[in-house]
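Inspection log for the structure reproduced underneath, given as structure tokens.
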There are 2 protein chains.
Amino acid sequence: MAAALYICSTRTICCPLAARFPRLILIYSPSWLLYRSSVETHSELVTPMNLKADKFTVSCQHCSLNALCLPDTLSENEMIEVDHVVKRGKPYQRGQILFEAGSPLTSLFAIRSGAVKSYNIDENGEEQVIGFFLPGEILGFDGLERKRHESSAKALETTGVCEIPFLQVEVLSRTIHNLQSQMYRLLSREIRQDQELQMLLAKKTAEERIGTFLMGLSIRYEQRKLSANRFRLPMARTDIGNYLGLAVETVSRVFTRLQGNGVLSVDGKEVEILDRAQLCGIAHLECTLTD
Amino acid sequence: MAAALYICSTRTICCPLAARFPRLILIYSPSWLLYRSSVETHSELVTPMNLKADKFTVSCQHCSLNALCLPDTLSENEMIEVDHVVKRGKPYQRGQILFEAGSPLTSLFAIRSGAVKSYNIDENGEEQVIGFFLPGEILGFDGLERKRHESSAKALETTGVCEIPFLQVEVLSRTIHNLQSQMYRLLSREIRQDQELQMLLAKKTAEERIGTFLMGLSIRYEQRKLSANRFRLPMARTDIGNYLGLAVETVSRVFTRLQGNGVLSVDGKEVEILDRAQLCGIAHLECTLTD
DNA sequence: CGGGACCTTGAAACTTATCAACTGTCGTGG
DNA sequence: CCACGACAGTTGATAAGTTTCAAGGTCCCG
């Protein structure tokens, strides 16, 4: 197997990369240039600079995220059928808008790399963050009913996306039973997750919200074969507060407090979970991973 | 057309009744016995006492709620196919549990009459209300992924339910395209509504939450051909507070304040919207119905 | 008629929001 | 190269809204 060093300041997995380099090594450094010298000894250096969409485009069958994404549970042949309807465009830059609320919806969007936030603008013109999406996760389920986007989506960093035309999924799912089940599962999961967030917002304190949020990210990163205890927040503090129903200042203060308790180590967007058991306690979760 | 007087202290529409009596008259009285004398002049008196499940059982085709429920958009023949898999049991009494979190899920539940709350028990043993369901609405979508109920459901009053076996819906929806679309629509709608609630809980004040909640109920009652401005709350204040992330006392105080402003008239569970425009303003909604 | 559940009201306490100021970083342009 | 402004994050002081605690009232059902 080929090995590669993937150095990326945004530190999120990139599905085409993982497919080309099964033994991909991710170096965690906010300043990737520092590592250039040590990189030369490796078989191949991959950086955001030489990463080109066409070179790294992969099919669903070869995507390392397929077990987390729509093709999960599909057979090889079924996956190929799905793959044929998937459209892969060029990456979105940080801050670029994927779609806006109200625009017609014809496709679901699967994140291939990077990160996205979805949000709404309320009657005062204030942004209202609804969710964050990591590689392998799918946006747009809220718009199927009225066939238009009910929320907007913006790239939080350089983000690759797979477009999945909904009409064709609808047709395919009549013959591919696994696909039909998977669609129901994904929709159902989103409902469950939204309800969990409702409970969070209805009852929990600032600290519990942040704790749960960080644990949620940690678990999602772990599913993506990234470090569960050391990661980079793709979103700003404002977005976190907005999402959790807290003021930015409160988010900042809770981060400071958790650092004081030795639970976290925070440096800007870099987060390290130092005492996972305690963080699980704050989030009212069973601690699954030993630190 | 036959006319009937339907007197029911709980004041929620009953689908079999509506099917038998297209010109159903609903008398709004918390104490229905007072009206007995005036009732004699009508063609038929229907009360909760002489309402028997077998007598009033109806098929989807004849159900007045079918446009709000799963069969919406289905043709006559398609509706008959769906109807064949639907199971209709005897009504649940107030306080009775329809299902509990964790139990295996094989069916979706459509409310035919009455009202239901769904809730979870958190780590402190506290109840966490997730939603309220009125006739024509469907519970259980959150459990499709793991094939088990993710929340419990309890009847808030005498409640009739249609059980819809999910496996059979899955099979039927492969041939009945309208059914497939409708399932996606219903799932998608639930996601959208959950996200709206998220925004409510994340940002709004107590008054805005209650205002939005009441307007939501009003609109749902209106869709069910009941009065939009005068209705009975099927749930306790505790449940409302629990659902909206507020203490009971706060709910009570806001009700009192809205009464003082002349927006509402509240008498126990009886609510009358006196100034709909103002209530819409509080809820940040466009006022659709003139008072 | 009595007991319990539900609702209301008041006063005090607490959490979080708001306002204001300051720091550091980043990219731009002189 | 450095000055500059814009922006994100932090921290402190104050204010506001909501919760909590406590008590009393009402309604309904047995």
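Below, chain A is the first sequence line, B the second, and so on; all start at residue 1.
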Inset, instruction - Write out all pairs satisfying ring-ring contact (aromatic ring centres under 6.0 Å, His included) with one or both partners inside residues 250-272 of chain A, taking only residues at least two apart or from two chains. - result: none
Inset, instruction - Rounded off to whole Å, could you give me the CD-to-P distance for the B/Glu157 and D/dC28 pair? - result: 15 Å
Legend entry - Length of the CZ-C1' vector between B/Arg237 and D/dG25, whole Å: 14 Å
Legend entry - Partner set under side-chain hydrogen bond (donor to acceptor under 3.5 Å, both in side chains) for A/Ser151, not counting sequence neighbours: A/Asp142
Legend entry - Short N-O contact, B/Glu270 and B/Arg232, less than 4.0 angstrom: yes
Legend entry - Those residues that, when tested against B/Glu127, pass salt bridge (charged side-chain N to carboxylate O under 4.0 Å, His left out) (two or more places apart): B/Lys117
Inset, instruction - Take atom NZ of A/Lys203 and atom P of C/dT15, then tell me their distance rounded to the nearest Å. - result: 17 Å
Legend entry - B/Lys269, nearest nucleotide to its side chain (from D/dT11, D/dT18, C/dC6): C/dC6
Inset, instruction - Can you pull out how bent the helix from C/dC1-D/dG30 to C/dG30-D/dC1 is, comparing the axes over its first five and last five pairs, to 10°? - result: 30°
Inset, instruction - Show your working on side-chain contact (heavy atoms from CB on, under 4.5 Å) between A/Asp275 and A/Leu279 and close with a plain yes or no. - result: CA-CA 6 Å; A/Asp275 186 344; A/Leu279 188 61; over 6 Å; no
Inset, instruction - Mind listing the residues from residues 125-132 of chain B sitting with a heavy atom below 4.0 Å of DNA chain D? Number order is fine. - result: none
Legend entry - Partners meeting side chain to side chain contact (heavy atoms under 4.5 Å, CB included) with B/Met199 (sequence neighbours left out): A/Asn120, A/Gln128, A/Ile130
Legend entry - ring pair (Phe, Tyr, Trp, His ring centres under 6.0 Å) against A/Tyr243, all qualifying residues, sequence neighbours excluded: A/Phe132, A/Phe213
Inset, instruction - Nearest 0.5 Å please: distance from the CD1 atom of A/Ile210 over to the OG1 atom of A/Thr250. - result: 8.0 Å
Legend entry - Nearest-Å distance for atom pair CZ/P, residues B/Arg232 and C/dC6: 13 Å
Inset, instruction - Calculate the interatomic distance between B/Asn124 atom CG and D/dT19 atom P; express it in whole Å. - result: 16 Å
Inset, instruction - Check the distance between C/dC26's P and A/Arg94's CZ and give it to me in whole angstrom. - result: 11 Å
Inset, instruction - May I ask you to say what B/Lys204 touches in the nucleic acid, namely base, sugar-phosphate or nothing, with a heavy-atom cut-off under 4.0 Å? - result: nothing
Inset, instruction - Using whole Å, report how far CG of B/Leu233 lies from P of D/dC27. - result: 16 Å
Inset, instruction - Could I get the full list of ring pair (Phe, Tyr, Trp, His ring centres under 6.0 Å) partners for A/Phe109, not counting sequence neighbours? - result: A/Phe99
Inset, instruction - Ignoring backbone atoms, establish whether B/Thr256 has a side-chain N or O less than 4.0 Å from OP1 or OP2 of C/dT9. - result: yes
Inset, instruction - Name the closest nucleotide to the A/Arg253 side chain, picking from D/dA13, D/dG9, C/dC7. - result: D/dA13
Inset, instruction - Applying side-chain hydrogen bond (donor to acceptor under 3.5 Å, both in side chains), name anything that partners B/Arg220, two or more places apart in sequence or on another chain. - result: B/Glu137
Legend entry - Partners meeting salt bridge (charged side-chain N to carboxylate O under 4.0 Å, His left out) with B/Glu208 (sequence neighbours left out): none
Inset, instruction - Report the distance from atom CD of B/Glu208 to atom P of D/dA16, rounded to the nearest whole Å. - result: 17 Å
Inset, instruction - List in numerical order all residues of residues 239-252 of chain A for which some heavy atom is under 4.0 Å away from an atom belonging to DNA chain C. - result: A/Gly245, A/Leu246, A/Ala247, A/Glu249, A/Thr250
Inset, instruction - Report the residues that fulfil side-chain hydrogen bond (donor to acceptor under 3.5 Å, both in side chains) with A/Glu249, sequence neighbours left out, ordered by chain and then residue number. - result: none
